[in-house]
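Everything on this sheet refers to the single structure shown next.
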Amino acid sequence: MQQKYTVMNNFNLKIDITWRDFLIRVGLIIVTVAIITWFLPSDTNNSFKVEKGKPWTYADLRAPFDFPILKTDEAVKEERDSLLQQYEPYFNLNKTTEATQIRQFAKDYNQGIPGISNDYISIIANRLHTIYQHGIMSTTDYAAVNKDTTKMIRIVSGKTAVSVKINRIYSTVSAYEQLFLDPELDSHREILQKCNLNDYIAPNLSYDKERSEASLSDLNNSIPLASGIAQRGQKIIDRGDIVDSKTYNILMSYQKEMERRNKNDQQISVTIMGQILYVTILVVCLTVFLSLFRKDYFEKIRSIAMLYSLVILFTVISSLMVAHNILHVYIIPFVMVPIFIRVFMDSRTAFMAHMVMILICACALQRPLEFVAVEAVAGIVAIFALRELSSRSQLFWTAVLVTIAASLTNLALDWIQNDNISKINISEYNYLLVNGIFLFCSYPLLYLIEKAFGFISNITLIELSDMNKELLRKMSEVAPGTFQHSIQVGNLAAEIANKIGAKSQLVRTGAYYHDIGKIQNPIYFTENQSGVNPHESMTFVDSAQMIISHVTEGLKLAEKYNLPDVIKDFIATHHGIGKAKYFYVKQKNAFPDEAVDDLLFTYPGPNPFTKEQAILMMADSVEAASRSLPDYTEKSIRELVNRLIDAQVAEGYFKECPITFRDIAYAKTVLIEKLKTIYHTRISYPELKK
């Protein structure tokens, strides 16, 4: 046996847990916290959208720290373009190029140029000198800087740099053309073109990339990116105000500053540590609540799996939407969580899980208080609306009520925070309307939850109770006596369940199916016999085995027709591990000297282990026995009920189920009153005298 420890607290509450249970719960907390914090956005302060001309839909915003108000990209570009007009790229002057080229020309034509006088040698050399003095660029460089003829360049010669207009500089092509613009040379163009004078025109200006880029960088750096400073505590915008251009620029500057700060590893680590601590506190609160007030859920893995899975799923979805700025979180149907938990578990757990979930989601939002208020009211309304799910229409009206309640709560908050109705953001109400539409999906999702976690809802129980279901219809045709017995047992059991706070729909449905095994051999059961009793030709052991077989046959049919496990449990436990007493006593009386094998007369069981199963056992035995009463007086009915149920208690049938003596006393009272009503004496009608 595992050693058990008792944990005490200041409120005199105690939790009895084993080391194994403790480690399981700690592991559950760690896994839940790890998954949730992994998806929580680390830059939660930057999670808002801004549109010019639209109302600011978040809480009033004040600068939490000093930050520069950055200029818009358009303003910076305009200033940069303006400064670029002053930009002068650098070109280095190579003084040796001119001397080298002119010397080469003189050498090549020292004998003169045929067809013209020798004076043209000096004329051409002089013209080349003039062009070189202006400066010659390569065709590529010239094309790059000659887009604007008013542009200036800086020509570097030694330690000096002189600004020169680009239209005074020649390219290699325009320099050659400039030679023939001279009238003296143009008159001998045909002769001079044969001299290939362009061979003596070479660039003497080369682009100085290092100096030019340094100059351009200095110009860009001289542009101030900020137009001012937002001081800590300064009001930026109030909720509902229209975002104008100036405010939009401040908000964008704040957003960029937050992005810059969030890139700091230390800041990110502190944020994550805070998130881990916050989520851990809330998840621990939920786990402690379950350990204190709903510890039986830890014995049902499916219940814990569903509860924590739903909390994790919806927090992850909201975190992803916030991190990627996908729509608004109000579009997420958070109320599905309390709906599912209320249907399959209970109201208090539904409320606790819902509050933990929305408090975790709120830490990633800009307006956490408004979000918590709206979603808390929506969750409470859903829990109230589903206090007992008995029809599909309840889910429809729950969705409608939740949408109305959430919208009214949001409207109330809008009125509190805005003095002008025109500032109210209508888009939030559109999201709440879509949320309500998503809630209509709760019904098909209930079916998926049932199949995934092995639950059964009241809607499913109601559907199973439909008398047109194949099994029930077959029972009414093949074993009508058993069918009527099952209906009566269902009514009695449901009344008891309502009286003692058990699940009436569950026990009613279980009662309808508890004897379906009798379909296989209906004639062997007295309620279906009409004068012929096959047991008269059988041994007592065989008769007992035939009666007992209706439990095993019922389980086979339940398996064949895919009945839920909870219904199978009613079939298996409605006789517990009791005996087929009629034939057992007959055997003992007929063969007093022989030892009787009790197992041959014992039902396979087990004994009831839920309150509803205990109710069915009591109602079944009393209803069946009541048919054999010779007269239906209050005394005879009371004695029958007390005798049968006291015998069940004495034989220990209810030791393994959470039913109290008070519940049993109420059950007796209900059975007595109902049987009195069913079997009351009717007055005889007089005959009309002729």
Side-chain angles (χ1 to χ4, degrees), residues 47-51 54-60 237-243 310 314-315 317-319 321-322 325-343 347 350-351 353-387 389 392-446:
S47 54
F48 58 77
K49 287 184 177 180
V50 186
E51 292 184 64
K54 295 293 182 68
W56 175 253
T57 59
Y58 306 99
D60 297 350
I237 191 171
D238 289 334
R239 185 168 186 256
D241 289 348
I242 301 299
V243 180
L310 288 174
F314 279 83
T315 51
I317 291 174
S318 63
S319 296
M321 287 186 67
V322 170
N325 283 324
I326 305 172
L327 297 175
H328 195 289
V329 289
Y330 278 165
I331 206 171
I332 304 174
F334 292 102
V335 178
M336 280 188 179
V337 173
I339 286 177
F340 293 149
I341 297 176
R342 171 63 191 89
V343 169
S347 298
F351 177 74
H354 183 59
M355 292 306 300
V356 167
M357 176 187 66
I358 62 176
L359 286 172
I360 291 174
C361 295
C363 76
L365 304 176
Q366 273 288 323
R367 294 171 55 198
L369 295 180
E370 289 88 343
F371 170 78
V372 170
V374 170
E375 294 298 338
V377 170
I380 292 171
V381 170
I383 293 170
F384 288 168
L386 293 173
R387 60 191 180 278
L389 181 62
R392 300 182 188 90
S393 62
Q394 275 186 265
L395 289 171
F396 170 81
W397 287 113
T398 297
V400 173
L401 291 173
V402 165
T403 303
I404 293 173
S407 299
L408 289 176
T409 305
N410 198 64
L411 180 63
L413 294 172
D414 281 339
W415 284 352
I416 291 171
Q417 298 176 0
N418 292 291
D419 56 358
N420 189 343
I421 296 178
S422 63
K423 293 182 179 180
I424 293 176
N425 183 17
I426 302 300
S427 64
E428 288 185 356
Y429 298 91
N430 295 332
Y431 291 128
L432 290 172
L433 181 61
V434 174
N435 184 306
I437 294 172
F438 283 160
L439 286 179
F440 291 140
C441 299
S442 298
Y443 178 69
L445 289 176
L446 274 177

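Residue pairs meeting the side chain to side chain donor-acceptor pair (under 3.5 Å) criterion with at least one partner in residues 330-342, sequence neighbours excluded, are R342-S347.
Note that CG of L408 and CG of L432 are 10.5 Å apart. Values are rounded to the nearest 0.5 Å. Interatomic distance, Y431 OH to N410 CG, rounded to the nearest 0.5 Å: 13.0 Å. Going from atom CD of E428 over to atom CG of L433 covers 14.0 Å, rounded to the nearest 0.5 Å.
Shown are I383, L386, L439; of these, the side chain to side chain contact (heavy atoms under 4.5 Å, CB included) with T398 is made only by L386.
Under the 4.5 Å side-chain criterion, counting only non-hydrogen atoms from C-beta, L413 is in contact with V374. Residues L310 and M357 fail the side-chain proximity criterion, which asks for heavy atoms closer than 4.5 Å. No side-chain heavy atom of I339 sits under 4.5 Å from any side-chain heavy atom of V402. Counting heavy atoms from C-beta on, the side chains of C361 and F371 come closer than 4.5 Å. Side-chain atoms of I358 and F314, non-hydrogen and from C-beta on, never get closer than 4.5 Å to each other. You'll find the side chain of N435 stays beyond 4.5 Å of the side chain of I331, heavy atoms only. Looking at heavy atoms from C-beta onward, M336 lies in side-chain contact with C441 at the 4.5 angstrom threshold.
For the residue pair D414/Y429, the side-chain donor-acceptor check at 3.5 Å is satisfied.
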Q) Run the side chain to side chain contact (heavy atoms under 4.5 Å, CB included) check on T403 and I437 step by step: do they pass? A) CA-CA 9 Å; T403 303; I437 294 172; over 6 Å; no
Apply side chain to side chain contact (heavy atoms under 4.5 Å, CB included) to residues F340 and L445 and explain how you reach the verdict.
CA-CA 9 Å; F340 293 149; L445 289 176; 3.6 Å; yes
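With a 6.0 Å radius and a threshold of 12 heavy atoms from other residues, nucleotides or ligands, F440 has its CZ atom above the threshold.
Scored by the ring pair (Phe, Tyr, Trp, His ring centres under 6.0 Å) test, F351 finds no partners at all (sequence neighbours excluded). Partners of L401 under the side chain to side chain contact (heavy atoms under 4.5 Å, CB included) rule, at least two apart in sequence or in another chain, are V381, A385.
Between V372 and A362, the shortest heavy-atom contact is CG2-CB, 3.6 Å. For H354 against E375, the heavy-atom pair with the smallest separation is NE2-O, 2.7 Å. Across every non-hydrogen atom of A406 and A378, the tightest pair is CB-CB, 4.3 Å. In terms of heavy atoms, I332 sits closest to S318 at CD1-CA, 3.5 Å.
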